[in-house]
Structures are given as structure tokens and as C-alpha cells.
*Asks:* 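Got a structure for you, written out below as C-alpha cells; questions coming shortly.
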Amino acid sequence: ATVFYNTVVGSRSGVSLTPNLSLTCTGAFKQGTVNVLLGNNSEALTTGCLNTIVGPDAGAALVSGYSNVLIGTDAGQLGTTYNSVVAIGQRAAANNNSSNIIAIGYDADQSDTTGLNNVVIGFQARNLAVTGNQDVVIGTEAMGVATYSGGDNVFIGYEAGFNNIGPDHNTCVGSQCMYSSGTSSTYGFGDNTCVGFQCLYSLKWPNNYNSALGYGAGYTTTTGSQN
């Protein structure tokens with residue numbers, strides 16, 4: 001008997017799987033093999049391999065892809081082709097259609113469709129950003145309402161970078177650091193570094209190359225570069 005090493009449990013799960021031992025999925029693994037699909041999900045999956053998908057509508061639109069771990073209702077739901085994605089939590093990476101993503105938490109990295117190599121951990125962290133690469137965002141609602149990212153940012157802490165839209169090359173560690181009041185333009189500043197609670201809290205576009213260290217450092221600063 002031919003063994004495809006798929007484990008499928010749940011209504012409509014894996015109904016489209018098309019194992020083919022003549023075609024390579026990745027490495028030594030063949031198309032449509034070695035998948036674990038648990039729950040009402042993965043209805044579209046045909047040629048993917050090495051995927052673990054658990055939860056209602058998790059990976060629902062995924063057609064091909066390998067080495068993905070999707071756990072939670074609607075996790076990785078709408079993307080059709082992606083690899084090496086870990087999405088854990090309701091709607092985590094729900095719109096993702098790119099690879100090398102870690103999204104853990106309710107709505108974590110929910111809206112991004114094209115970003116690569118991002119690590120997002122926390123309730124509604126980086127929730128609204130639709131693009132941006134190489135971001136590390138950790139904390140409840142960190143980058144919570146930022147609608148896009150310029151990429152290469154590190155935001156760590158509760159609501160860190162919460163209202164920043166289009167930042168790039170920033171490093172911010174601390175609750176509400178680089179939060180931005182949002183009362184004027186908040187677009188696209190970059191290359192800033194701050195560590196501390198609410199440091200550079202009010203900084204606005206287009207101010208770059210600033211450094212701040214300590215509790216509330218640069219809190220009221222709205223303009224200025226190279227400080």
C-alpha cells in the first residue's frame with residue numbers, strides 16, 4: 001500500500017489533498033504528504049507538505065506550502081501560498097501570503113499580506129500593518145494601530161510604537177516608547193533608538209537619528225534629529 005503520512009480529522013479537512021510521490025514538495029518530501037490537519041480547515045490544501053494545521057478555518061485558503069504551523073481559529077486563514085509560517089492564536093497572520101513569519105497572539109500580525117521575516121508576539125501586536133519586512137514586535141498592542149511598516153524595526157513593550165505609521169530602522173524598548181500622540185503627522189521616521197518607559201513618546205515625522213535612554217526620556221520631543 002502507498003503511505004502518504006497524512007493525518008486528517010474534521011469536516012472538509014484535507015478534501016483537496018493530492019499526494020504525488022513523483023513530485024517534490026521540499027527536500028526529500030513529496031507533494032501532499034506528511035500533513036496533520038485537525039478541525040474544519042485546510043479545504044483548499046492540495047500539494048503542501050509538512051504542515052500542522054489545527055482549528056476552525058485555520059489555513060482555509062492555503063493551496064501549497066510547507067513547514068507551516070497554524071493553530072487557532074482563522075490562523076493563517078486567507079493566504080494561498082506560504083512557507084515556514086508559525087501562526088498561533090485566533091486570526092494570527094490571518095491575511096499572510098508570504099514566508100518566514102512568526103505570529104503568536106490574538107490578531108497578531110493579522111493584516112500583513114506581503115511582509116517577510118517578521119516576528120510578532122502579543123495581543124493585537126502589529127495588528128493593522130499591511131507590509132514591512134524584518135520587524136521584531138513583542139508586547140500587547142505593540143505597533144497596534146500602525147497601518148504599515150518601513151521594516152527593520154524592533155519594538156518591545158506594551159504599546160511600543162503603537163501609533164507609528166511607516167517607521168523604519170528604529171529600536172524601541174519600553175512600555176509606550178515611541179508611542180506618538182497622533183495629533184500631527186506620524187509618518188515614516190527612522191533610525192531612532194530609545195530605551196525606557198515612554199521614551200520619545202511624542203516624536204513625529206520626519207525626525208531621525210535620535211537616541212534616548214531612561215524613564216520618559218525625550219517624552220515631549222516632537223521635532224528634531226540627531227539628538
*Asks:* Compare the SG-SG distance of Cys194 and Cys177 against 2.5 Å and report whether it is shorter.
*Replies:*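 No, the SG atoms are not under 2.5 Å apart.
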*Asks:* Do Gln198 and Tyr215 pass the side-chain contact (heavy atoms from CB on, under 4.5 Å) test, and can you show the C-alpha distance, the side-chain angles, and the key distance before you say yes or no?
*Replies:* CA-CA 7 Å; Gln198 293 185 339; Tyr215 180 100; 5.6 Å; no
*Asks:* Indicate yes or no for a side-chain donor-acceptor contact from Ser98 to the backbone of Asn96 under 3.5 Å, with no hydrogens or angles considered.
*Replies:*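 No, because the side chain of Ser98 does not come within donor-acceptor range (under 3.5 Å) of the backbone of Asn96.
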*Asks:* Do you know which two heavy atoms are closest between Phe29 and Cys49, and how far apart they sit?
*Replies:*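 Taking Phe29 first and Cys49 second, the nearest heavy atoms are CB-SG, 4.1 Å.
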*Asks:* If you round to the nearest 0.5 Å, how far is CG of Leu203 from OG1 of Thr221?
*Replies:*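 Spacing of OG1 (Thr221) from CG (Leu203) equals 7.0 Å.
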*Asks:* Taking C-beta and beyond as the side chain, do Leu200 and Cys172 meet within less than 4.5 Å on heavy atoms?
*Replies:*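 With C-beta onward as the side chain, the pair stays apart.
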*Asks:* Are Ile53 and Val69 grouped together when hydrophobic residues (ILVMFWY) are joined by side-chain heavy atoms under 4.5 angstrom apart?
*Replies:*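 Ile53 does not cluster with Val69.
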*Asks:* Say whether, by atom type as modelled, one donor and one acceptor occur between the side chain of Ser111 and the main chain of Asn127 under 3.5 angstrom.
*Replies:*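 Here the side-chain-to-backbone pair exists.
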*Asks:* Does the side chain of Asn97 come within less than 4.5 Å of Thr80's, by heavy atoms?
*Replies:*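 A side-chain contact exists here, since the closest heavy-atom pair is under 4.5 Å.
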*Asks:* Do the side chain of Asp112 and the main chain of Gly115 share a donor and acceptor less than 3.5 angstrom apart?
*Replies:*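 Yes; judged by distance alone, with no hydrogens or angles, the pair exists.
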*Asks:* Decide yes or no on side-chain contact (heavy atoms from CB on, under 4.5 Å) for Asp152 and Asp168, but give the supporting numbers first.
*Replies:* CA-CA 6 Å; Asp152 299 295; Asp168 59 0; 5.8 Å; no
*Asks:* Looking at CD of Gln31 and OG1 of Thr24, how far apart are the two atoms once the value is rounded to the nearest 0.5 Å?
*Replies:*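 So the gap between those two atoms works out to 8.0 Å.
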*Asks:* Between the side chains of Asn117 and Asn133, is a donor N or O closer than 3.5 angstrom to an acceptor N or O?
*Replies:*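 Result is no, nothing qualifies.
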*Asks:* Considering non-hydrogen atoms only, spot the tightest contact between Thr131 and Arg126 and give its length.
*Replies:*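 Minimum heavy-atom contact is O-NH2, 3.0 Å.
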*Asks:* Just verifying a value: how many Å separate Thr47 OG1 and Leu23 CG, rounded to the nearest 0.5 Å?
*Replies:*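 Here the rounded value is 9.0 Å.
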*Asks:* If you group Ile, Leu, Val, Met, Phe, Trp and Tyr by side-chain heavy-atom gaps below 4.5 Å, do Val36 and Val86 land in one group?
*Replies:*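 As far as the 4.5 Å side-chain criterion goes, Val86 and Val36 are connected within one cluster.
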*Asks:* Counting C-beta onward and ignoring hydrogens, is there a side-chain heavy-atom pair between Leu17 and Phe4 closer than 4.5 Å?
*Replies:*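 No, every pair of side-chain atoms sits at 4.5 Å or beyond.
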*Asks:* Quick one: does Asn208's side chain have a donor or acceptor within less than 3.5 Å of a partner on Gly190's backbone?
*Replies:*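 Present.
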*Asks:* Shortest non-hydrogen contact from Ala108 to Ala103?
*Replies:*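 For Ala108 versus Ala103, the nearest heavy atoms are O-CB, 3.7 Å.
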*Asks:* Considering non-hydrogen atoms only, spot the tightest contact between Met143 and Val137 and give its length.
*Replies:*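 The pair with the smallest heavy-atom distance is SD-CG2, 3.7 Å.
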*Asks:* Spell out, as yes or no, whether a donor-acceptor pair under 3.5 Å connects the side chain of Asn192 to the backbone of Asn170.
*Replies:*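 Judged by distance alone, no pair lies under 3.5 Å.
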*Asks:* Mind running side-chain contact (heavy atoms from CB on, under 4.5 Å) on Ile101 and Asp109 for me, showing each step along the way?
*Replies:* CA-CA 9 Å; Ile101 302 292; Asp109 211 29; 3.8 Å; yes
*Asks:* Do Phe123 and Asp107 have side-chain heavy atoms sitting under 4.5 Å apart?
*Replies:*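 No - every pair of side-chain heavy atoms lies 4.5 Å or more apart.
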*Asks:* Are Phe162 and Val173 connected in a single hydrophobic cluster, I mean Ile/Leu/Val/Met/Phe/Trp/Tyr linked by side-chain heavy atoms less than 4.5 Å apart?
*Replies:*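 Val173 does not cluster with Phe162.
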*Asks:* Taking Asp135's backbone N and O only, do any of them form a donor-acceptor pair with Asn118's side chain (distance below 3.5 Å, no angle check)?
*Replies:*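 Here the side-chain-to-backbone pair exists.
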*Asks:* Please find the pair of heavy atoms, one from Leu70 and one from Tyr82, that lie closest to each other, and give the distance.
*Replies:*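 That closest heavy-atom pairing would be CD1-OH, 3.2 Å.
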*Asks:* Could you grab the distance from atom OG1 of Thr7 to atom CG of Leu38, nearest 0.5 Å is fine?
*Replies:*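 With rounding to 0.5 Å, OG1 (Thr7) is 7.5 Å from CG (Leu38).
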*Asks:* When you measure from the side chain of Tyr66 to the backbone of Gly27, do you find a donor-acceptor pair of N or O atoms at a distance under 3.5 Å?
*Replies:*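 No, Tyr66 side chain to Gly27 backbone: no donor-acceptor pair under 3.5 Å.
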*Asks:* Can you check whether Thr33 reaches Cys25 side chain to side chain, under 4.5 Å on heavy atoms?
*Replies:*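 Side chain of Thr33 against side chain of Cys25, heavy atoms only: no contact under 4.5 Å found.
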*Asks:* Hydrophobic clusters here meaning ILVMFWY residues chained together by side-chain heavy-atom distances under 4.5 Å, can you tell me if Ile102 and Val136 are in one?
*Replies:*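 As far as the 4.5 Å side-chain criterion goes, Val136 and Ile102 are connected within one cluster.
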*Asks:* Is a donor on one side and an acceptor on the other found under 3.5 Å between the side chain of Asn95 and the backbone of Gln110?
*Replies:*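 Between the backbone of Gln110 and the side chain of Asn95 there is a qualifying donor-acceptor contact (under 3.5 Å).
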*Asks:* Do Ser67 and Asn83 have side chains that get closer than 4.5 Å, going by heavy atoms?
*Replies:*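 No, their side chains stay 4.5 Å or more apart.
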*Asks:* If I take atom CZ from residue Arg91 and atom CG from residue Leu78, how far apart are they, to the nearest 0.5 angstrom?
*Replies:*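 Arg91 atom CZ to Leu78 atom CG measures 11.0 Å (nearest 0.5 Å).
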*Asks:* Judged by atom type as modelled, is there a donor-acceptor pair below 3.5 Å linking the side chain of Ser175 to the main-chain atoms of Gly157?
*Replies:*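 No: the side chain of Ser175 does not pair with the backbone of Gly157.
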*Asks:* Do Asp74 side-chain atoms and Ala58 backbone N/O form a donor-acceptor pair below 3.5 Å?
*Replies:*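 No.
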*Asks:* If you measure from OH on Tyr219 to SG on Cys199, what distance do you get to the nearest 0.5 Å?
*Replies:*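 Rounded to the nearest 0.5 Å, the OH-SG separation comes to 12.0 Å.
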*Asks:* Check for me, please, whether Val85 and Ile138 land in the same ILVMFWY cluster - side-chain distances under 4.5 Å, paths through other members count.
*Replies:*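 Hydrophobic grouping puts Val85 apart from Ile138.
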*Asks:* Search all heavy atoms of Thr18 against all heavy atoms of Ser16 and return the closest pair with its distance.
*Replies:*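 Residues Thr18 and Ser16, closest heavy atoms: OG1-O, 3.0 Å.
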